[in-house]
Amino acid sequence: MAKRGFILETQRLFLREMTPSDLDPLLLVLGDAESMRYYPKPFDREMVQNWIDRHCRSYAQHGLGLWAMVLKATGEVIGDCGLIWQEVEGHQELEIGYHVRRDQQMQGYATEAASACQDYAFNVLGCDHRVISLIRPENIPSRRVAEKNDLKVVQETLWRNIPHYIYAVQRSESKFFTTSNFSKVEKSKLQV
């Protein structure tokens with residue numbers, strides 16, 4: 001079972017709500033020019049603080065957001081991953097997002113965390129439609145993560161004035177979906 005205060009546990013990771021103490025570790029991820037090359041620019045300290053604040057508001061409002069990605073072996077924050085509501089072409093979509101510190105990339109952490117988030121969306125929250133990931137076409141590493149978790153490109157869109165692929169998997173097509181009855185409380189967590 002997950003350690004107290006943690007949202008999800010995988011073989012090598014804990015995902016937990018971000019806190020103000022995550023500013024410096026997340027700055028190493030979101031402030032890195034190479035890691036953030038698919039964003040308009042790397043984040044500065046103020047932008048990372050705003051990022052943490054945004055997700056803390058999302059936890060309070062929706063019960064979800066991107067969570068701090070913590071290595072079990074060391075307790076070190078190496079990125080973020082989670083579920084966040086995004087407006088895409090006039091519709092609210094539940095997105096799986098992830099960022100991993102450059103020195104920890106290519107070790108399967110994003111895939112591991114994202115698969116746990118997909119499982120959580122369908123089997124804990126009771127998401128009854130699809131989950132997506134918005135990925136720039138040239139972002140091959142993020143595309144691989146989505147594809148390893150059975151998301152497929154369903155559309156290209158201009159999101160925030162930048163071309164993105166919408167990767168998606170329907171609940172009925174997810175290898176993580178198991179049939180069970182969800183309580184009204186669990187379903188209410190998905191209200192936008």
Side-chain angles (χ1 to χ4, degrees), residues 5-59 64-88 93-118 120 131-149 151 153 156-167:
F6 288 75
I7 307 296
L8 292 172
E9 179 179 8
T10 69
Q11 182 179 351
R12 301 177 294 166
L13 302 167
F14 287 117
L15 298 180
R16 63 158 172 77
E17 291 185 356
M18 294 178 191
T19 67
S21 66
D22 295 323
L23 182 81
D24 288 330
L26 288 175
L27 183 59
L28 293 175
V29 179
L30 302 171
D32 180 70
E34 180 64 21
S35 293
M36 297 296 283
R37 68 188 176 277
Y38 302 111
Y39 277 69
K41 66 178 185 175
F43 289 17
D44 61 22
R45 191 170 191 80
E46 182 180 350
M47 292 169 75
V48 174
Q49 183 61 61
N50 291 338
W51 183 259
I52 292 169
D53 294 344
R54 171 188 177 204
H55 291 289
C56 288
R57 286 189 304 274
S58 183
Y59 307 149
L64 48 81
L66 295 190
W67 299 302
M69 184 187 299
V70 181
L71 277 178
K72 280 182 174 180
T74 64
E76 182 181 14
V77 173
I78 62 163
D80 62 15
C81 184
L83 299 161
I84 188 77
W85 287 106
Q86 300 283 13
E87 185 171 330
V88 182
E93 298 272 9
L94 190 59
E95 182 188 22
I96 300 171
Y98 39 85
H99 305 91
V100 178
R101 197 175 68 212
R102 186 169 16 140
D103 68 319
Q104 298 295 324
Q105 292 174 0
M106 305 301 291
Q107 297 183 53
Y109 293 127
T111 302
E112 185 175 323
S115 67
C117 289
Q118 185 181 146
Y120 187 82
V131 293
I132 69 163
S133 284
L134 294 162
I135 303 173
R136 300 268 302 271
E138 63 274 21
N139 187 345
I140 301 303
S142 285
R143 291 177 61 186
R144 283 191 193 124
V145 169
E147 290 163 1
K148 286 178 187 175
N149 285 311
L151 281 79
V153 175
E156 188 167 352
T157 189
L158 197 60
W159 188 70
R160 297 187 178 167
N161 298 317
I162 300 171
H164 281 76
Y165 285 147
I166 300 174
Y167 272 82

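Here the structure is a predicted model, which is why all the values come from computation and not from measurement.
Atom OG1 of Thr10 is separated from atom CG of Leu15 by 6.5 Å, given to the nearest 0.5 angstrom. Interatomic distance, CG of Asp80 versus CE of Met18, reported as 4.0 Å (0.5 Å rounding).
Side-chain contact between Arg136 and Arg37 is absent, with no heavy-atom pair separated by less than 4.5 Å. No side-chain heavy atom of Val153 sits under 4.5 Å from any side-chain heavy atom of Pro137. When side chains are defined from C-beta on, Gln118 does not count as touching Leu83, because their heavy atoms never get closer than 4.5 Å. In this structure, the side chains of Leu23 and Ile52 come closer than 4.5 Å at one or more pairs of heavy atoms. Between Tyr165 and Asn139, the closest side-chain pair of non-hydrogen atoms is not below 4.5 Å. In this structure, Glu93 and Ile166 have side chains that are not in contact, with every pair of non-hydrogen atoms separated by 4.5 Å or more. In this structure, Asp22 and Arg16 have side chains that are in contact, with non-hydrogen atoms separated by less than 4.5 Å. Residues Cys117 and Val131 form no side-chain contact, since every pair of their non-hydrogen atoms from C-beta on lies 4.5 Å or further apart.
Across Ala114 and Val145, no two heavy atoms sit closer than the pair CB-CG1, 4.2 Å. The nearest pair of heavy atoms linking Met36 to Leu30 is CG-O, 3.0 Å. Contact between Pro42 and Met47 at its shortest, heavy atoms only, is O-SD, 4.1 Å. Taking each heavy atom of Gly82 and Leu66 in turn, the nearest pair found is N-CD2, 3.3 Å. Closest non-hydrogen pair, Gly65 versus Ile84, comes out as CA-CD1, 4.1 Å. For Leu134 against Ile132, the heavy-atom pair with the smallest separation is CG-CD1, 3.9 Å.
Other residues, nucleotides and ligands place no more than 12 heavy atoms under 6.0 Å from the CD atom of Glu46.
Looking at Ser58, its side chain never comes within 3.5 Å of a backbone N or O of Arg54 through a donor-acceptor pair. When atom types are taken as modelled, the side chain of Gln105 and the backbone of Val100 share a donor-acceptor pair closer than 3.5 angstrom. Of the possible donor and acceptor atoms, one in the side chain of Ser133 sits under 3.5 Å from a partner among the backbone N and O of Ile96. Asn149 contributes no side-chain N or O that, together with a main-chain N or O of Leu151, makes up a donor-acceptor pair within less than 3.5 Å. Side chain of Tyr98 to main chain of Ser142: a donor-acceptor pair is present (N/O by atom type, distance under 3.5 Å, no hydrogens or angles). When atom types are taken as modelled, the side chain of Glu112 and the backbone of Arg12 share a donor-acceptor pair closer than 3.5 angstrom.
Tyr39 has its ring centre less than 6.0 Å from the ring centre of His99.
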Item to check | Intermediate values then yes/no, side chain to side chain contact (heavy atoms under 4.5 Å, CB included), Ile7 and Tyr120 | outcome: CA-CA 10 Å; Ile7 307 296; Tyr120 187 82; 4.1 Å; yes
Item to check | Steps toward side chain to side chain contact (heavy atoms under 4.5 Å, CB included) verdict (Trp51, His55) | outcome: CA-CA 6 Å; Trp51 183 259; His55 291 289; 3.5 Å; yes
Checklist entry - Run the side chain to side chain contact (heavy atoms under 4.5 Å, CB included) check on Leu64 and Tyr59 step by step: do they pass? => result CA-CA 5 Å; Leu64 48 81; Tyr59 307 149; 5.9 Å; no
Checklist entry - Taking it one step at a time, do Arg101 and Glu76 satisfy side chain to side chain contact (heavy atoms under 4.5 Å, CB included)? => result CA-CA 11 Å; Arg101 197 175 68 212; Glu76 182 181 14; 2.8 Å; yes
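A salt bridge does not link Arg144 to Glu147: none of the charged nitrogens lies less than 4.0 Å from a carboxylate oxygen. Classification of Glu9 and Lys72 as a salt-bridged pair holds, one side-chain N sitting under 4.0 Å from a carboxylate O.
Using cut-offs of 30° and 60° for the angle between ring planes, the Phe14 and Phe6 rings count as tilted.
In this structure Arg57 satisfies the side chain to side chain donor-acceptor pair (under 3.5 Å) test with no other residue, sequence neighbours excluded. Contacts of Trp159 classified as ring pair (Phe, Tyr, Trp, His ring centres under 6.0 Å), with partners at least two apart in sequence or in another chain: His164.
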